[in-house]
> 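Handing you a structure now.
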Amino acid sequence: GPDQQSNSGGEGVGDFPKTPKWKFVFVNHVTSNPFFVPTQYGAADACALLGCEFQWTGSKTSIAGEMVNATNAAVSAKADGIALCVVDVNAFAKPVDNALDAGIPVVSYNADGAPGKPGTNRLAYIGQDLFTSGVRLGERIAELVESGEVVGFIATPGQLNIQPRIDGAKQAIEQSGKSITFNQIASGAELPQELSTIDAYSQGHPDLKGMFAVDAGSTEGVAKVMAKYKLKDKGVASGGFDLVPGTLEGIKNGHLDFTIDQQPYLQGFLPVLSLYLYKLSGGLVSPAETNTGLLFVTKDNVDPYLTTKTRFEGSDTKQQLVERSGAIGHG
Amino acid sequence: MAADVLTVSHVAKRFGAVTALRDVNLRLAAGEVLGLIGDNGAGKSTLIKILSGFHQPDSGTLSLDGVEVSLRSVDHARSLGIDCVYQDLALVNELSVYHNMFLNRELVRWPLLRNRSMRTLAAQHLADMGVSVPSVDVEVAKLSGGQRQAIAVARSVYSSARILLLDEPLAAMGAKEGALILDLVRRLRDRGDVSIIIIAHNYAQILEVCDRVNLLQHGEISYDVPRSRTSVQELTDLVVAEYRQAKHRQSDTSGG
Amino acid sequence: MAADVLTVSHVAKRFGAVTALRDVNLRLAAGEVLGLIGDNGAGKSTLIKILSGFHQPDSGTLSLDGVEVSLRSVDHARSLGIDCVYQDLALVNELSVYHNMFLNRELVRWPLLRNRSMRTLAAQHLADMGVSVPSVDVEVAKLSGGQRQAIAVARSVYSSARILLLDEPLAAMGAKEGALILDLVRRLRDRGDVSIIIIAHNYAQILEVCDRVNLLQHGEISYDVPRSRTSVQELTDLVVAEYRQAKHRQSDTSGG
Amino acid sequence: MIALRRIGDEFLKRREASILLVAIALMAYFQATTGIFFTESNIVNVSQYVAATAIIAAGQVLLLVSGEIDLSVGNVYTLAPFLMHYAVDFWGVPVIPSILLALVLSALIGLVNGFITVVLRVPSFVTTLGMLFLISGITLITSNAYPVPIPTAADAFAPWLGAAPWAEIIWALLIIAVLHAVLTSTRWGLHTIAVGGNLLGASEAGIRVGRIKIGNFMICSALGGFAGIIEAFRIDSIDPTAGGTGIMFAAVASAVIGGTALAGGSGTIIGALLGAVVLGVLRDGFNLIGVDAYTFDLIIGAAILLAMISNVHLARLRRAGRT
Amino acid sequence: MIALRRIGDEFLKRREASILLVAIALMAYFQATTGIFFTESNIVNVSQYVAATAIIAAGQVLLLVSGEIDLSVGNVYTLAPFLMHYAVDFWGVPVIPSILLALVLSALIGLVNGFITVVLRVPSFVTTLGMLFLISGITLITSNAYPVPIPTAADAFAPWLGAAPWAEIIWALLIIAVLHAVLTSTRWGLHTIAVGGNLLGASEAGIRVGRIKIGNFMICSALGGFAGIIEAFRIDSIDPTAGGTGIMFAAVASAVIGGTALAGGSGTIIGALLGAVVLGVLRDGFNLIGVDAYTFDLIIGAAILLAMISNVHLARLRRAGRT
Ligand SMILES: Nc1ncnc2c1ncn2[C@@H]1O[C@H](COP(=O)(O)OP(=O)(O)OP(=O)(O)O)[C@@H](O)[C@H]1O
Ligand SMILES: Nc1ncnc2c1ncn2[C@@H]1O[C@H](COP(=O)(O)OP(=O)(O)OP(=O)(O)O)[C@@H](O)[C@H]1O
Ligand SMILES: [Mg+2]
Ligand SMILES: [Mg+2]
């Protein structure tokens with residue numbers, strides 16, 4: 001019957017018909033940041049699966065103008081799809097419209113404008129809900145700290161992939177009604193600088209009750225400083241975002257209470273999939289809003305991240321089947 | 001006798017520990033050419049730079065036409081009619097011959113430079129001085145020592161200054177070019193509307209053009225004589241006598 | 001007659017459109033002092049820089065003691081015993097007097113500089129030349145024109161070169177200091193182990209120390225005469241005759 | 001034929017000839033490999049890569065020629081559109097006066113740089129480094145580090161001020177033309193060269209060296225502000241992370257690639273434009289080819305080196321060939 | 001008393017005196033306001049702010065004095081620890097030879113910079129700008145832009161190489177001491193000054209100017225590599241985002257704050273150390289005080305300006321007072 005016929009498939013990958021080698025352009029705001037290494041692996045794996053290719057480009061230092069240029073170049077080069085980090089609510093409206101006008105599908109990933117204001121007419125957002133993740137962070141802080149001084153480190157204030165988190169945290173702390181003073185401190189764009197900033201801050205504030213961070217580098221810095229001065233023993237709470245090695249180490253050794261995973265691998269894998277399906281279906285399968293999640297990693301569930309090096313965390317390049325066993329943790 | 005256009009009274013100038021000028025008194029009459037001589041390091045150039053507004057004296061006064069003035073800057077001095085050829089020539093290697101020759105005195109049709117006129121005039125002035133350069137468009141970095149000096153001299157000599165200060169204008173000039181420049185100075189003197197101070201170590205040249213000769217020693221003018229009453233021999237003897245004394249002093253204080 | 005230490009054959013040098021040297025032939029006998037004269041821009045400094053290894057000739061050859069050599073660099077020439085005082089003095093303003101005086105010829109107790117010895121020697125050499133500087137520790141940027149020249153001259157004259165090239169070593173020197181340097185050159189000549197080429201525009205000074213005089217004109221040596229058979233007057237006339245011709249040529253070609 | 005050769009000779013005499021040849025060769029290469037370099041949309045892209053950098057580079061050339069440098073100009077670039085925004089949206093000033101106000105304040109920052117450098121004698125590298133942080137702080141504090149939209153009141157002017165495809169590059173070319181004339185054909189330019197070439201000599205000649213330097217600081221800073229404003233209009237957002245050291249660096253690099261000496265005394269404005277073009281063409285071209293971010297750095301580094309080595313080589317050939 | 005005054009006079013004669021006074025004043029200020037500046041742990045922090053920058057600044061001083069600049073040294077700083085990592089973990093080379101290999105390769109990068117600058121006559125600003133991108137690309141591609149831990153084989157050496165609290169600053173002081181001696185008391189240093197002060201004059205004097213410049217490029221680059229390695233040991237991670245233009249900039253700024261002229265011919269290594277100390281104390285001190293993120297830049301900018309204005313003023317007083 002007709003079912004069998006469809007199973008015999010087309011001449012493309014899997015069961016799909018033969019398609020051109022579509023090329024999708026990922027426009028990123030911090031192209032060389034380790035956080036996005038698994039994102040690139042995700043995109044690469046999806047491309048290998050589907051027989052397409054992707055280009056990783058944008059700005060190294062979060063400059064909207066450079067990202068606009070890269071987007072425009074992708075339109076000129078007639079890319080088959082664009083995945084974009086919308087780190088500015090205004091700047092990308094026109095380039096995205098241009099791309100859509102030229103028939104190029106666009107999705108956003110990792111950052112999507114300000115809360116309630118996506119800033120572009122992209123087809124869908126694939127990534128964490130940043131403001132919500134900040135709210136969850138703030139709730140967690142209010143759980144861990146009764147009152148007093150708490151600091152939130154942010155690498156580059158105002159950046160829309162991290163600033164909403166701090167804003168969300170602030171809001172949640174205020175709403176908790178506890179007498180916590182929350183200070184926002186810029187820690188700088190590179191790791192050694194972040195480390196030094198956090199170190200000095202902790203020295204200057206002996207009464208600190210909590211140290212938190214909203215980006216990968218600052219979180220790692222918090223972990224190291226907590227360990228250096230054994231601040232856990234003094235009752236300082238701590239936590240942050242993402243899963244770079246130093247952070248995981250800190251969780252394991254108990255210096256860091258938690259870190260929040262946002263599944264960067266999926267932020268590369270899913271956009272390729274969405275764009276591919278859009279092309280394949282002639283636009284009938286339109287990309288869907290996808291929340292890549294918000295997973296608290298604590299001492300209880302950190303082990304697998306440490307014991308295995310995988311593409312999914314960016315810590316290894318090789319393809320492998322990661323075995324797991326036992327029950328799956330749940331609420 | 002003509003009135004003094006320039007009077008220098010009790011001028012002193014120190015650079016850190018070095019006293020370049022101690023107590024200089026000097027006068028320059030209208031239309032006069034004054035030769036200034038002295039050892040290396042005697043302070044001649046320092047005095048000239050004070051007169052041109054480049055240095056400010058530590059103490060002492062300058063008067064122009066009997067009126068005391070304080071020269072705030074080179075530009076100020078120039079606005080009062082004082083122009084100078086510096087010993088270091090003050091040329092800009094990166095600029096062409098003609099731009100150097102008209103530096104800070106450019107011909108302009110506002111706001112643009114009148115390059116063609118400057119080029120023509122520059123070529124003409126150099127020809128008058130008997131100096132040939134490959135082209136007035138060439139950068140001065142590429143010129144020979146004498147060619148460079150000729151440009152610096154032309155810059156001032158062809159200005160319409162009332163007081164001209166020439167610091168060793170002939171040091172790098174050839175025999176012929178030097179003679180032609182001395183001719184030029186003589187012509188200026190004969191015109192009578194410019195007063196000149198000229199520094200040189202070649203006493204024959206000094207005596208050829210100067211009306212009067214001053215000797216700078218130990219930071220003051222120690223000898224002042226009209227041309228008619230001196231000679232190359234006398235001037236040389238003066239300087240060498242000074243040298244003997246110096247040798248003497250030196251052997252007294254050596255070892256300190 | 002002594003053998004020639006240096007022979008220059010058919011040397012030519014162009015800078016872009018400018019032909020500085022066309023066809024220079026010159027020889028320097030052992031122990032001889034040769035005076036080189038010529039107009040500004042005649043190519044004297046260019047020739048000296050070829051002999052010191054700074055420029056490479058476009059064509060022609062140099063021979064030392066009859067053996068053809070090609071001077072690869074100033075360092076190479078110096079290793080062959082050729083040393084030079086450049087017209088631009090080649091001083092480093094940022095360095096002290098004594099470091100300049102021993103530049104690239106420093107006294108060392110490896111790996112450290114022997115600053116004390118250099119300081120003492122520098123002070124001594126300057127005293128010999130009758131030149132006083134505030135201190136040998138001072139940066140040369142702060143010195144007067146003559147003091148600077150004295151340092152450059154001392155650098156070479158007190159080296160143990162076999163062939164000394166002096167490009168206008170007296171231009172900025174005072175009457176006394178100039179005389180003392182000429183004394184020094186005369187003493188070197190009398191010692192007989194060094195041959196010297198000296199450029200100067202003051203023909204009296206040239207004739208005081210030189211054994212022979214060469215005139216550089218139109219890119220070649222156009223006149224070669226022993227001291228005994230010439231005079232200041234003759235040399236001056238020669239140069240001025242050349243000038244007359246030039247004036248003539250110029251008026252022929254003007255307007256182009 | 002002879003006329004053509006004359007034009008060719010005239011062209012080769014210009015200092016900028018070699019870098020222009022390099023730029024043309026690069027464009028030809030990218031057209032050959034991508035086939036779409038010379039489409040209108042891509043040329044617009046390239047022009048937008050180039051314009052802001054070229055404007056700042058032109059100002060930086062004046063300053064470099066006079067022997068100074070301005071590291072803070074990239075931060076003035078960031079601040080200026082915010083100043084316009086504050087004036088329009090908070091203080092109710094009309095758009096054009098607001099822009100003028102932003103430019104005047106930018107020039108004032110240059111004045112302060114110049115004053116500290118010339119009168120207080122702090123080296124300009126340090127003066128403008130301090131100013132860089134200071135202005136960055138002002139921008140962050142006053143803007144809360146949030147990007148804001150262009151004031152709606154300015155919508156009517158937006159196309160003129162950078163939003164229209166060709167607007168930015170036209171401004172850049174106008175500014176380049178004027179500054180080229182200033183540097184080559186006015187007293188100001190001549191004195192700028194003199195001050196940078198021989199500071200002592202220039203002051204001996206009576207040039208007011210301080211005034212020249214301070215003036216060039218002001219010009220450079222004002223141009224930085226202007227570039228920031230038109231770039232904000234282009235991307236339709238006032239971005240607190242825009243500019244900074246990145247664009248300052250690109251501008252100085254354009255100037256140096258175009259033949260301006262860091263040590264002062266020599267430089268060309270048109271060269272700086274061509275330097276910015278070379279950098280822009282490289283960035284755009286490799287993006288068109290679809291080079292990845294990591295490889296991008298590698299390739300652009302190698303390309304800069306190769307382009308400059310050929311440039312220097314061409315320039316030497318040119319000089320050798322000149323009669 | 002008299003002996004004390006003699007020491008005081010000797011001190012005031014030194015060029016670095018004024019910037020040292022500024023550094024001391026800043027430390028006193030921060031001690032007074034925070035009360036914990038002079039605790040051991042904070043002094044260790046400050047030393048770690050300072051060490052890597054000071055090492056690179058020392059190399060940069062040599063290069064700046066000889067009239068060149070190296071923009072790529074911050075990227076060599078990033079690459080070198082990865083080279084060590086590759087050698088140890090992938091090629092099985094023992095730790096110490098791996099580190100030496102990384103340093104030799106760093107020096108080779110300097111050699112290439114020097115060759116392109118001196119022999120091919122590309123201005124060093126552009127040469128090293130190209131190299132900056134090139135090396136950055138190499139680092140990103142070979143490391144996949146992912147941080148890696150220090151090789152476990154190196155654990156035994158870690159305390160010596162930067163992991164122990166005082167290790168970094170001791171290395172820095174050693175290097176500073178050696179390079180200070182090189183610059184002030186050896187032929188190499190004298191010729192470096194001569195080349196930067198008067199390039200034509202130095203070559204007329206027979207100094208091999210190319211060799212001096214290339215050598216200084218190599219020293220600077222090797223020091224960049226070494227600083228990167230010890231900093232990796234300190235933070236116990238090899239980070240592809242470390243270094244880059246940020247630390248290069250800080251190093252050049254330290255050199256200039258310490259009295260090195262960008263135009264060449266003059267500079268002091270100890271001054272560069274003190275410049276790095278001033279910057280480090282400012283950063284640490286304002287962090288101790290707990291200045292808000294946005295205000296930080298503002299205050300540090302103003303502090304740099306004030307510190308340098310006082311420095312220049314003090315230096316002038318010092319010179320005027322000298323007999
Ligand atoms: N800017 C300065 N800083 C320090 N010392 C200086 C400065 N200018 C001149 N001097 C010193 O002042 C003294 C006088 O120098 P000046 O140049 O006036 O001498 P001079 O008579 O022109 O000598 P010369 O005949 O050699 O040109 C010298 O000892 C010199 O070292
Ligand atoms: N590096 C150079 N580039 C271009 N032209 C040069 C260069 N050096 C010298 N010239 C030209 O070569 C000619 C000869 O110069 P040179 O310096 O040899 O003259 P000179 O005889 O020493 O003159 P003076 O007596 O004035 O010192 C001059 O016309 C000069 O402009
Ligand atoms: Mg003098
Ligand atoms: Mg000469």
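Reckoned from all heavy atoms, side chains included, excluding hydrogens, waters and symmetry mates. In what follows, every chain begins at residue 1, and chains take the letters A, B, ... in the order their sequences are listed.
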> Report the option among C:Glu106, C:His76, C:Arg105, C:Lys49 that has the most heavy-atom pairs separated by less than 4.5 Å from atoms of chain E.
C:Glu106

> Check each atom of C:Asn93 against the heavy atoms of chain E and say whether the ones under 4.5 Å are side chain, backbone, both or neither.
neither

> Where is the tightest heavy-atom contact between E:Glu204 and C:Phe54, given as atom of each residue plus distance?
CG-CE1, 3.6 Å

> Which answer fits C:Leu112, side chain, backbone, both or neither, if we ask what part of it has an atom under 4.5 Å from a heavy atom of chain E?
both

> Do you know which of E:Ala181, E:Gly197, E:Gly196 has the most heavy-atom pairs under 4.5 Å to chain C?
E:Gly197

> Please look at E:Thr184 and chain C and tell me whether the side chain, the backbone, both or neither of the residue comes under 4.5 angstrom of a heavy atom of that chain.
backbone

> Please report the closest heavy-atom contact between C:Val74 and E:Ser203, naming both atoms and the distance.
CG2-O, 3.4 Å

> Find the distance between CG (E:Asn198) and CG (C:Leu103) and round it off to the nearest 0.5 Å.
9.5 Å

> What I'd like to find out is whether the side chain of E:His191 reaches to under 4.5 Å of the side chain of C:Asn104, using heavy atoms alone.
yes

> Give me the atom names and distance for the closest heavy-atom approach of E:Arg208 to C:Asp75.
NH2-OD2, 2.9 Å

> Should E:Ile193 and C:His99 count as side-chain neighbours, where that means a heavy-atom distance under 4.5 Å?
no

> Which atoms of C:Arg114 are under 4.5 Å from chain E, going by heavy atoms: the side chain, the backbone, both sets, or neither?
neither

> Between the side chain of C:Arg78 and the main-chain N/O of E:Ala205, is any donor-acceptor distance below 3.5 Å?
yes

